[in-house]
Amino acid sequence: MRILITGGAGFIGSHTAAVLVRRGHAVRILDCLDPQIHGPGAAFPAHLRDLGIELLHGDVSCLDTVSTALHGVDAVYHLAALTGVGQSMYDMRSYVATNNGGTATLIEAIIRTGARLRRLVVASSRAVYGEGTHRCREHGLQLAPPRTRSDLENGLFDVRCPLCGQPMHSVATAEERVLMPVSLYAWTKRHQEDYGQYAAQVFGLPVTILRYFNVFGSRQSLTNPYTGIVSIFYNRLALGLPISLYEHGQPGRDFVHVSDVARANWLALEADVEPGTAINIGTGSECRVVDVAQALAKACGTTATLLDTAEFRVGDIHSCFADLERATTLLGYVPQVDLDAGMQEFVAWARLQTGSDGYDRTVAELARFGLFGKPGKES
């Protein structure tokens, strides 16, 4: 097949492109080469050129550009998006324009050009759930409301039972769970899903929605200070700087290696899935942020200096990890890379790159908009 990947020069897109080429597909990439991600004056990376991929420089929000990119393609991966949770909370227009506007533009272009697609894979996020599924020791499974700012300022970081107020423990989150986005980024991903569902129901487009959990690995930007915490932590370690652990480092996440995500993307292309179906892509296990920092330091052959100041960011959740039953059943997906192996792969790549530490700048911006704080102090 000839396959279009929007945002294909990025982290997940470039790995997906390589998998598809190895499987014998012809790949076309549309990417705006956002300077925040790729650096100023960026060009398409050599590893994509070496694969013989067709490279188009353009904006996914431009109808004419997307319509041209769709010419002759059999399938589309829509990965183009802005992804910083904290940044999304105050840079709202950019996130809505790119994530919502780009998705709407793509779907409209498919309809207007009459493109006959065998698959449209829409990249979503675990962020659409808000807090993950939790269980109370006394009252069983409960859908807890989001933590309030007052909770965070009083150091109440746990997710608490709405019936008795006691802390609950997280369990795997399945796709049928009610969606309760907390950050603006999460809302844009939910809206992207809504547009995909609409396209499937009204126009019969073969849409598959993949909800990626916390993806890490090589090619994750080391210059974008709003990217995933593995890159942020690595830049701090490389400079011998301490790592600040929000909420005592106890928040739980599902860290999945990019190679597993790229393989899941390929499986979604091949699988005959009911249009509009959403599928979790993770590892199915929970890892605390403090454990991620320590695993990264181990891969770097060093010891991390960890600062536990109980700081927090408004818009973050406490815990969420994936239920993989649907991914296993529908796609045949089983994760293959564990946390330690994934960290070793990431570090081997990162040591050959030039990174930059923008942590203090991001904290200053969050604090400026009242989105960063510490218990017992005004945020």
For the residue pair [X] and [Y], what are the closest heavy atoms and their distance?
X    : Y    : result
R288 : G249 : CB-O, 3.8 Å
A69  : L30  : CB-CD2, 4.2 Å
A186 : V128 : O-CG1, 4.0 Å
F11  : F216 : CZ-C, 3.5 Å
Y359 : S244 : OH-CB, 3.4 Å
H47  : S14  : CE1-CB, 3.6 Å

So, the side chain of [X] versus the backbone of [Y]: is there a donor-acceptor pair under 3.5 Å, distance only?
X    : Y    : value
R147 : F157 : yes
D151 : L156 : no
R28  : H71  : yes
E131 : S319 : yes
H248 : Q250 : no
H134 : G132 : yes
H57  : C32  : yes
E175 : N280 : yes
D74  : R118 : no
H257 : G217 : no

Would [X] and [Y] show up in the same hydrophobic cluster when neighbours are defined by side-chain heavy atoms closer than 4.5 Å?
X    : Y    : answer
V121 : V73  : no
I3   : V21  : yes
L352 : L222 : no
L330 : Y333 : yes
V178 : V159 : no

Contacts of type salt bridge (Lys or Arg N to Asp or Glu O under 4.0 Å), residue R119, not counting sequence neighbours
none
May I ask you to test the [X]-[Y] pair for a side-chain heavy-atom distance under 4.5 Å?
X    : Y    : answer
S218 : E345 : yes
Y234 : C300 : yes
M343 : V230 : yes
F213 : R253 : no
V60  : H78  : yes
T188 : S88  : no
Y212 : L79  : yes
L205 : I110 : yes

Any chance you could lay out the side-chain hydrogen bond (donor to acceptor under 3.5 Å, both in side chains) test for T148 and S150, step after step, and finish with the verdict?
CA-CA 5 Å; T148 66; S150 176; 4.7 Å; no
Got a sec, which pairs hit salt bridge (charged side-chain N to carboxylate O under 4.0 Å, His left out) with one end in residues 181-194, sequence neighbours left out?
E193-R211
Hey, what do you get for [atom1] ([X]) to [atom2] ([Y]), rounding to the nearest 0.5 Å?
X    : Y    : atom1 : atom2 : answer
D31  : I37  : CG    : CD1   : 7.5 Å
D272 : T208 : CG    : OG1   : 9.0 Å
T133 : M168 : OG1   : CE    : 9.5 Å
S356 : L239 : OG    : CG    : 9.0 Å
R93  : D91  : CZ    : CG    : 8.0 Å
L20  : I5   : CG    : CD1   : 5.0 Å

Evaluate side-chain contact (heavy atoms from CB on, under 4.5 Å) for L331 paired with L210, printing each intermediate quantity in order.
CA-CA 11 Å; L331 303 183; L210 299 184; 4.3 Å; yes
Audit row: S67, R112, side-chain contact (heavy atoms from CB on, under 4.5 Å) steps and yes/no
CA-CA 8 Å; S67 298; R112 287 185 178 275; 5.7 Å; no
Under the side-chain contact (heavy atoms from CB on, under 4.5 Å) rule, what do F346 and V258 come out as? Steps first, then yes or no, please.
CA-CA 10 Å; F346 169 79; V258 66; over 6 Å; no
Counting only heavy atoms not in D50 (residues, nucleotides, ligands), do more than 12 fall under 6.0 Å from its CG?
yes
Just wondering, are more than 12 heavy atoms of other shown residues or ligands nearer than 6.0 Å to CZ in R351?
yes
Salt-bridged, R23 to E270, with N to O below 4.0 Å?
no
Pair L163, Q142 - check side-chain contact (heavy atoms from CB on, under 4.5 Å), show working.
CA-CA 9 Å; L163 300 179; Q142 294 294 320; 3.8 Å; yes
Considering residues at least two apart in sequence or located in another chain, which fulfil the side-chain contact (heavy atoms from CB on, under 4.5 Å) criterion with Q36?
D34, Q87, N224, Y226
From the list V182, L366, L371, side chain to side chain contact (heavy atoms under 4.5 Å, CB included) partner of V314 resolves to L371
Less than 6.0 Å separating the ring centroids of F321 and Y129?
no
